[in-house]
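First comes the structure, then the notes that go with it.
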Amino acid sequence: MPEIKLACDCGKVQGNTQFMTAKSGNRLTCCCSDCQSFALYLEGLGRGNAEPILDQFSGTDIFQMPISKLKIEQGLEDIACVRLTPKGMYRWYSSCCNTPIGNTMAANMPFIGVVHNFMQHQTSRVDEIGKNRAYVQTHEMKAQIPSALKGSSSKAISRSIYKLICWKILGLNKPSPFFNLDGSAIVTPIILNK
Ligand SMILES: [Zn+2]
Ligand SMILES: [Zn+2]
């Protein structure tokens, strides 16, 4: 079964995904200002010589998958969370080395968008989770993305919504490494005012 190794840059936080392939998840690059703010927040905390979070178009390469298929095997105590507004997405990262982990909605939603920095591919990213399907939320960005790379954001978003509905029906919001059974987050999120 395909299993992708997960680790923060310093190696304290580690885990894996289960049964995840290009078909079972959804790889896309998000250019929304919130994803950019999250990346800038972590870069501001200091990431040393770690691989940049944003690409040359200020996009974040993420892999959307059901939260119950993501396991954290060590370093749970080093996980932190930030929200850009009191009702914003939960944006998880490792406090040991400020590696972005992924973005989730509330505990009842079966979804995480895992940020590329947290995935340690054994072969290659394309081999394990496929090509980037599209750049999405591009209206907020300054740089023009070449059409060969851009893909169809409406197709990619429709696919996300379809997957989310399937995962919801299958009850894949539990178990979650990031939420307690009562739906509260495992750590108190830091609320940033943009
Ligand atoms: Zn770390
Ligand atoms: Zn985004």
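Note that these values count all heavy atoms, side chains included, but never hydrogens, waters or copies made by symmetry. In each ligand, atom 1 is the first atom listed, and ligand 1 is the first ligand listed.
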For this session: Mind reading off the angle at the Zn ion (ligand 1) between the SG atom of C97 and the SG atom of C96, rounded to 10°?
Result: 120°

For this session: For I186 and N180, run side chain to side chain contact (heavy atoms under 4.5 Å, CB included): C-alpha distance rounded to whole Å, both residues' side-chain angles, the deciding distance at 0.1 Å, then the answer.
Result: CA-CA 6 Å; I186 55 163; N180 300 310; 3.6 Å; yes

For this session: Indicate yes or no: at least one non-hydrogen side-chain atom of F57 is less than 4.5 angstrom from one of L149.
Result: yes

For this session: Could you label the plane-to-plane angle of the F178 and W92 rings as parallel, tilted or perpendicular, counting under 30° as parallel and over 60° as perpendicular?
Result: parallel

Exercise. Closest heavy-atom contact between F38 and P100?
Worked result: CE2-CB, 3.8 Å

Exercise. Would C30 count as a contact for the Zn ion (ligand 2), in the sense that one of its N, O or S atoms lies under 2.8 Å from it?
Worked result: yes

Exercise. In degrees, rounded to 10 degrees, what angle do C8 atom SG and C10 atom SG make at the Zn ion (ligand 1)?
Worked result: 110°

